[in-house]
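To start, the structure under review is shown below, and the notes come after it.
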Amino acid sequence: MTAETIQTDRIPRHLQQAMQAIAGAGAQLAAIIRRGGDLAAAVGTNSDGDRQKALDVIADDLFREALASAGVRWLASEEQEETVALDPQGSLAVAIDPLDGSSNIDTNVSIGTIFSIYPAAETGEASFLRPAREQIGAGYIIYGPRCAMMVSFGEGVQQYVLDPDSGRFLLAEARQELPDCAFEFAINASNYRHWPQPIRAYIDDCLAGRDGPREQNFNMRWIASLVAETHRILIRGGVFLYPSDTRKGYERGRLRLLYECAPIAFLIEQAGGGATDGLAPILDQRIKALHQRTPFIFGSTDKVTRIAVYHDLPEAEVSALFGQRGLFRA
Ligand SMILES: O=P(O)(O)OC[C@H]1O[C@](O)(COP(=O)(O)O)[C@@H](O)[C@@H]1O
Ligand SMILES: [Mg+2]
Ligand SMILES: [Mg+2]
């Protein structure tokens with residue numbers, strides 16, 4: 001019998017084999033990242049037109065090999081154009097962003113792996129092109145100063161930390177709850193001029209701080225690594241926005257529904273937060289294409305709800321300077 005790579009007592013039995021494979025590959029990847037070397041070397045372009053770095057390809061190979069004998073019938077990877085058939089006897093389908101935050105590889109900033117588990121259907125496409133709410137498990141591994149995994153199987157969120165001595169992920173938090181009072185937002189503000197008006201209005205009001213309609217100062221963060229951003233928000237609250245914008249190719253935002261937004265939305269809802277495309281819950285969406293993108297907003301429920309309200313405001317109100325905007329001024 002091979003050694004356990006993750007403590008299994010809180011993992012549903014039918015998902016344990018797949019989780020052992022994910023944790024084992026994650027621990028191996030953590031070791032590769034720690035060792036360093038030329039992991040950010042450009043090696044090609046994936047089907048989405050994204051530049052691939054050496055570590056993107058290493059991670060993709062590692063997870064595919066690990067999942068091939070773990071009860072998984074279908075694999076969908078951000079790095080592959082089509083689904084990959086693994087074990088015909090497998091009962092699961094796994095979608096994966098093997099390496100999230102690729103632009104940070106050479107800067108030694110936290111990067112991650114995002115995964116999502118569905119019941120397998122007869123074809124690869126049918127296994128993944130379905131309502132996002134049909135996930136039966138989702139999580140991420142963060143390769144940071146500590147290597148940790150946040151995962152949910154539909155009954156709350158658990159946090160595991162990789163123990164460097166045993167090489168096993170050990171339970172560190174049995175029920176991770178998203179704090180609902182943080183005055184922190186995360187957005188790539190260099191795209192301000194390309195954003196839709198409701199997003200500009202929301203951020204304008206945050207930036208106006210105590211002098212604006214929110215009467216409250218806010219802090220800002222942008223790591224450009226969705227996993228690291230999610231980890232911070234799960235630990236200390238706040239809100240994340242990657243809206244659609246007017247740049248070519250960003251009409252539906254940047255992040256991918258199947259590999260990034262659906263699993264993060266599953267975790268965030270399970271931790272008591274909200275995740276939408278600006279208006280509607282991400283988990284209410286039906287995934288229509290493997291590499292489909294979506295605007296993505298998630299975090300503390302009150303903040304996510306407030307952003308949806310900005311989308312419903314009349315044009316005149318949302319375009320007004322914050323000083324004249326009546327919204328939320330009771
Ligand atoms: O560089 P930008 O436009 O700020 O985008 C950053 C976003 O892109 C991503 O790096 C996309 O993920 P990949 O690295 O898997 O392509 C997210 O982790 C991050 O939130
Ligand atoms: Mg990603
Ligand atoms: Mg990636």
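All values below come from the heavy atoms of this structure, side chains included, with hydrogens, waters and symmetry mates left out. One-based numbering, in listed order, for ligands and for the atoms of each.
Look at R232 and E184 and you find a salt bridge, because one of the NZ, NE, NH1 or NH2 atoms lies within 4.0 Å of a carboxylate O, short of that distance. Between D302 and R306 there is no salt bridge, since none of the side-chain N atoms of the basic residue sits less than 4.0 Å from a carboxylate O of the acidic one.
Between the side chains of Q158 and Q176, no donor-acceptor pair of N or O atoms lies under 3.5 Å. Between the side chains of Y143 and T113, at least one donor-acceptor pair of N or O atoms lies under 3.5 Å. No side-chain donor from either of S244 and E251 sits under 3.5 Å from a side-chain acceptor of the other. When only modelled atom types and interatomic distance are considered, S300 and D180 share no side-chain donor-acceptor pair under 3.5 Å. In the model, N46 has no side-chain atom that pairs as donor or acceptor with a side-chain atom of E78 under 3.5 Å. Side-chain polar atoms of Q7 and D9 form a donor-acceptor pair below 3.5 angstrom. Side chains of D56 and S102: a donor-acceptor N/O pair is present below 3.5 angstrom, by distance only.
Residue-to-ligand polar distances place E260 within reach of ligand 1: an N/O pair is separated by less than 3.5 Å. Between L255 and ligand 1, not a single N/O pair is under 3.5 Å apart. For ligand 1, the polar-atom distance check finds no N/O of Y250 at less than 3.5 Å from any of the ligand's N/O atoms.
Inter-residue side-chain proximity for L162 and R146 is flagged as unmet; no heavy-atom pair is nearer than 4.5 Å.
The nearest heavy-atom contact from the protein to atom 3 (O) of ligand 1 is Y242 OH, 2.6 Å. For atom 1 (O) of ligand 1, the closest non-hydrogen atom of the protein is R254 NH1, 4.1 Å. Shortest contact from atom 4 (O) of ligand 1 to any protein heavy atom: N188 ND2, 2.8 Å. Regarding atom 20 (O) of ligand 1, its nearest protein heavy-atom neighbour is L226 N, 3.5 Å.
Look at L99 and you'll find a heavy atom under 4.0 Å from some atom of ligand 1. For E229, the heavy-atom gap to ligand 1 stays at 4.0 angstrom or more. Between Y259 and ligand 1 there is no heavy-atom distance shorter than 4.0 Å. For the ligand labelled ligand 1, residue S103 lies outside the 4.0 Å heavy-atom shell.
Taking every heavy atom of W222 and a limit of under 4.0 angstrom, the matching atoms of ligand 1 come to 4 (O), 6 (C). Taking every non-hydrogen atom of G101 and a distance limit under 4.0 Å, the qualifying atoms of ligand 1 come out as 10 (O), 12 (O), 13 (P), 14 (O), 15 (O), 18 (O).
Between Y310 and Y202, the angle of the ring planes goes over 60°, which puts this pair in the perpendicular group of the 30/60° scheme.
Pairs engaging residues 110-135 under the salt bridge (charged side-chain N to carboxylate O under 4.0 Å, His left out) rule: R73-E122, R130-E134, R133-E269, R133-D284 [sequence neighbours left out].
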request  = Start with the C-alpha gap between Q159 and I235, add the side-chain angles, then the distance that decides, and say whether side-chain contact (heavy atoms from CB on, under 4.5 Å) holds.
outcome  = CA-CA 10 Å; Q159 181 176 187; I235 302 290; 4.1 Å; yes
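Counting only protein N, O or S atoms closer than 2.8 Å to the Mg ion (ligand 3) gives 3.
Of the listed options D97, D100, I105, D100 places a heavy atom closest to atom 17 (C) of ligand 1.
The side-chain tip of R221 does not point at the ring of F185 from less than 6.0 angstrom away and within 45° of straight on.
Here R256 has side-chain heavy atoms under 4.0 Å from ligand 1, and that is the only part of it that gets that close. Contacts with ligand 1 closer than 4.0 Å are made by heavy atoms of both the backbone and the side chain of S102.
The atom of E260 that is an N, O or S and sits closest to the Mg ion (ligand 2) is OE2.
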